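One structure is given below, encoded as structure tokens.
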Amino acid sequence: MSKSRIIVALDFSSAAEALKLANQLDPQLCRLKIGMELFTAAGPSLIERLMSIGFDVFLDLKFHDIPTTVARACKAAGSLGVWMVNVHALGGRKMLIAARDAVPQGSTKLIAVTVLTSMNQDDLDDTGLRGQPEEIVRRLAQLSHDCALDGVVCSALEAPHLRQMLGNDFCLVTPGIRPAGNQSDDQKRITTPHQAILNGSNYLVIGRPITQAADPLFVCQRINAEIGNL
Ligand code: C5P
């Protein structure tokens, strides 16, 4: 299994594009994330293929449904042998506990999304959720922790507070990462790999800085070197 903290986001629309990139990468230097676009297009066979060439796979489908349905989906993900899977913490306590029961601790890592970073205060007010985004993030991270999930997805800017609140064993997975000198693309609040690790992140989700690079393997090597001794 890879020891790298880098998770490369395979934001592609076909298995062919995903495999082309995976073949340029090294399973010792990164893990791979498959989201809903690629999974809908390419299905479990792509996951099996990527695992067969040595990659750990994070299946980022953000399950959110009634407890039984989510539990069954999590069980299916566990049976595929993925390294990590996620659910929406907004599904609530019963759903989180059902998901946890379906994915035994120590097997596939089960993490939760708290508040989507695309949502601002107005969006949250529209839904009727009370409080400021950061309060809701903390509340949902605490709920995920209470339900024995392995961690949450969060911004590296939220990581110090969540680390302090939830202890060292709780896994913080952070997107919005840009190595120094990279363009920010559509990410609003970005953090360098080095700073994200200092802030308490365990794993960095990195898409375009690697997927669009002329030499993706070199970028992975450089980021691993930057965070290697932290
Ligand atoms: O290309 P980039 O590094 O911005 O890609 C980041 C990846 O992390 C994408 O797959 C995006 O959907 C995901 N993500 C995010 N922000 C979140 C949650 C997930 O950017 N809050």
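Counting starts at 1 for both ligands and their atoms, in listed order. Predicted model, so just to flag it, every value in this text is computed and none were measured. Side chains included, hydrogens not; waters and symmetry mates left out as well; all remaining heavy atoms used.
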Where ligand 1 meets [X] - atom numbers and elements under 4.0 angstrom, heavy-atom basis:
| X | answer |
| --- | --- |
| Gly207 | 1 (O), 2 (P), 3 (O), 5 (O) |
| Ala9 | 7 (C), 10 (O) |
| Arg208 | 1 (O), 2 (P), 3 (O), 4 (O) |

Protein contact of [atom] - nearest heavy atom, named by residue and atom, plus distance:
| atom | answer |
| --- | --- |
| atom 15 (C) of ligand 1 | Pro175 CB, 3.5 Å |
| atom 21 (N) of ligand 1 | Thr117 OG1, 2.7 Å |
| atom 2 (P) of ligand 1 | Arg178 NH2, 3.4 Å |

Open item on the list: Are Trp83 and Arg31 packed together at the side-chain level, in the sense that at least one heavy-atom pair is separated by less than 4.5 angstrom?
Closed with: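 Yes, at least one pair of side-chain atoms sits under 4.5 Å.
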Task: Worked verdict on Cys30 versus Ile7 for side-chain contact (heavy atoms from CB on, under 4.5 Å) - done: CA-CA 6 Å; Cys30 63; Ile7 304 174; over 6 Å; no
Task: Leu59 vs Asn86, side-chain contact (heavy atoms from CB on, under 4.5 Å): CA-CA, chis, key distance, verdict - done: CA-CA 7 Å; Leu59 185 58; Asn86 62 359; over 6 Å; no
Open item on the list: So does Leu29 get a backbone contact from the side chain of Asn224, meaning a donor-acceptor N/O pair under 3.5 Å?
Closed with: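 Yes.
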Task: From Val152, Val173, Asp60, Leu149, residue fulfilling side-chain contact (heavy atoms from CB on, under 4.5 Å) relative to Ile111 - done: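 Option passing the side-chain contact (heavy atoms from CB on, under 4.5 Å) with Ile111: Val173.
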Task: Side-chain donor-acceptor contact under 3.5 Å, Gln187 with Asp185 - done: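 No, Asp185 and Gln187 have no side-chain donor paired with an acceptor closer than 3.5 Å.
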- [ ] Between Thr174, Asp11, Val173, Asn86, flag the one that comes closest to atom 10 (O) of ligand 1 by a heavy atom.
- [x]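 Shortest heavy-atom distance from atom 10 (O) of ligand 1: Asp11.
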Does an N or O anywhere in [X] fall below 3.5 Å from an N or O of ligand 1?
| X | value |
| --- | --- |
| Val205 | no |
| Lys33 | yes |
| Gln187 | yes |

Open item on the list: Using heavy atoms and a 4.0 Å limit, tell me yes or no: is Gln212 in contact with ligand 1?
Closed with: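 No; Gln212 lies far enough from ligand 1 that no heavy-atom distance drops under 4.0 Å.
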Open item on the list: If hydrophobic clusters are built from ILVMFWY residues whose side chains come within less than 4.5 Å, do Leu116 and Ile190 share one?
Closed with: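 No.
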Open item on the list: Ring-plane angle category for Phe170 and His145, please: parallel below 30°, perpendicular beyond 60°, tilted otherwise.
Closed with: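 It falls in the perpendicular class, over 60°.
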